[in-house]
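Report on the structure given below.
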2 protein chains.
Amino acid sequence: MNIGQASAASGVSAKMIRYYESIALLPAAGRRDSGYRDYGTEDVHRLSFVRRARDLGFSIPQIRSLLALWTDTDRSNDDVRAIAREHLAEMEDQARKLQEMITILTALVGSCEKGRRSACPIIEELGDHKPAPVARARATRRAA
Amino acid sequence: MNIGQASAASGVSAKMIRYYESIALLPAAGRRDSGYRDYGTEDVHRLSFVRRARDLGFSIPQIRSLLALWTDTDRSNDDVRAIAREHLAEMEDQARKLQEMITILTALVGSCEKGRRSACPIIEELGDHKPAPVARARATRRAA
DNA sequence: TGTAATCCTTCCCATCATGGGAGGGTCAAG
DNA sequence: CTTGACCCTCCCATGATGGGAAGGATTACA
């Protein structure tokens with residue numbers, strides 16, 4: 001089938017299919033005499049695999065590993081689990097950071113007085129801190 | 001002070017300071033005769049503001065709004081709260097999605113048999129689904 | 001069969017925030 | 001005055017994705 005059909009069948013855009021091929025995430029597709037790429041059910045299978053892995057947030061390098069394990073019939077489940085767990089750890093870390101930011105911002109929003117144009121910690125907090133001890137000596141400036 | 005000192009004082013890299021200037025997130029810095037950019041404490045203040053906002057995950061457009069509100073003495077706290085809440089909603093949405101993926105992946109890892117090279121749902125799941133109802137009719141292919 | 005519509009190809013450009021580096025000018029300390 | 005650190009402007013790269021142009025292939029329909 002054509003790249004467009006493979007795209008529809010797998011849910012991966014034609015652009016991305018070509019891109020994945022270009023970075024060797026996927027094997028170069030066969031070509032017809034016309035130069036058109038030609039895909040079979042096996043290819044669609046692989047494409048779907050990639051799409052689902054991306055949906056789960058796996059990075060391209062991780063998907064590369066997963067694909068190798070998938071293709072390799074001698075793969076060990078442990079290897080697969082290891083990659084998945086690695087990704088899981090990353091995601092959990094990301095979730096922790098995100099939650100932290102949510103907590104801070106929620107507190108800021110909560111303590112920013114409604115209506116009145118006065119002390120809003122969102123603004124104060126952002127502006128008033130001096131994060132790094134400045135090493136400024138000669139402020140020989142003429143324009144501000 | 002020089003861009004390097006402003007960078008050290010604010011925690012924003014010199015590269016980023018120039019970039020922020022180029023996209024007009026920051027006003028163009030004054031120049032000395034040499035062509036060097038020149039910064040004062042006010043500028044460092046603004047830079048720190050930007051950095052902290054970035055640390056909290058605000059996007060550049062959002063920071064642009066916050067900066068305008070910060071600069072504008074007639075700003076209403078409500079405006080600031082609105083932007084913060086908008087960002088908060090985005091972050092919460094992101095956290096939800098992330099948590100969902102974590103749940104799925106955790107389940108998959110849990111049910112992938114240890115050691116034995118057999119049915120590992122991480123692999124099976126990824127490979128066996130047909131996500132999009134294929135619309136292939138005329139598969140006039142010659143090569144598979 | 002002719003023609004138009006659709007599809008495919010490659011190549012270039014853009015995104016967003018950030019960094020790296022080259023080539024060349026400036027400044028401060030020795 | 002030399003030297004090393006700093007700054008300047010450009011250009012390139014990232015990662016994953018999309019847009020679009022120019023041109024060839026295929027298909028659909030009259």
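Per chain, numbering begins at 1; letters A, B, ... match sequence-line order. All values derive from a computational prediction rather than experimental measurement.
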Rounded distance in Å - [atom1] ([X]) to [atom2] ([N]):
X       : N      : atom1 : atom2 : value
A:Arg37 : D:dG24 : CZ    : P     : 18 Å
B:Gln62 : C:dA17 : CD    : C1'   : 15 Å
B:Ile3  : C:dC27 : CD1   : C1'   : 16 Å
A:Lys15 : C:dC13 : NZ    : P     : 13 Å
B:Ile23 : C:dT18 : CD1   : C1'   : 12 Å
A:Arg18 : C:dC7  : CZ    : P     : 12 Å
B:Tyr36 : D:dC6  : OH    : C1'   : 5 Å
B:Arg31 : C:dT26 : CZ    : P     : 13 Å

Could you check B:Gly35 against B:Pro61 and say which one's nearest nucleotide on DNA chain C is further toward the 5' end? B:Pro61

Shortest side-chain distance from B:Ser34, nucleotide among D:dA25, C:dT26, D:dA16: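 Selected nucleotide: C:dT26.
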
Answer yes or no: does a side-chain N or O of B:Tyr19 lie under 4.0 Å from OP1 or OP2 of C:dG19? no

At 4.0 Å (heavy atoms only), tell me whether B:Ser59 reaches a base, stays on the sugar-phosphate, or touches nothing. nothing

Would you check if A:Leu105 and B:Phe58 make a side-chain contact, meaning some heavy-atom pair closer than 4.5 Å?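 In contact.
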
In the structure I gave you, are the side-chain heavy atoms of A:Arg46 and A:Asp43 within less than 4.5 Å of one another anywhere?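 Contact flag for A:Arg46/A:Asp43 side chains = yes.
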
Distance col, row B:Asp38:CG vs B:Ile3:CD1, nearest 0.5 angstrom, shows 11.0 Å

Can a salt bridge be assigned to the pair A:Asp93 and A:Arg96 using a cut-off of 4.0 Å between side-chain N and carboxylate O?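 Looking at A:Arg96 together with A:Asp93, the answer is yes, because their closest N to O distance falls below 4.0 Å.
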
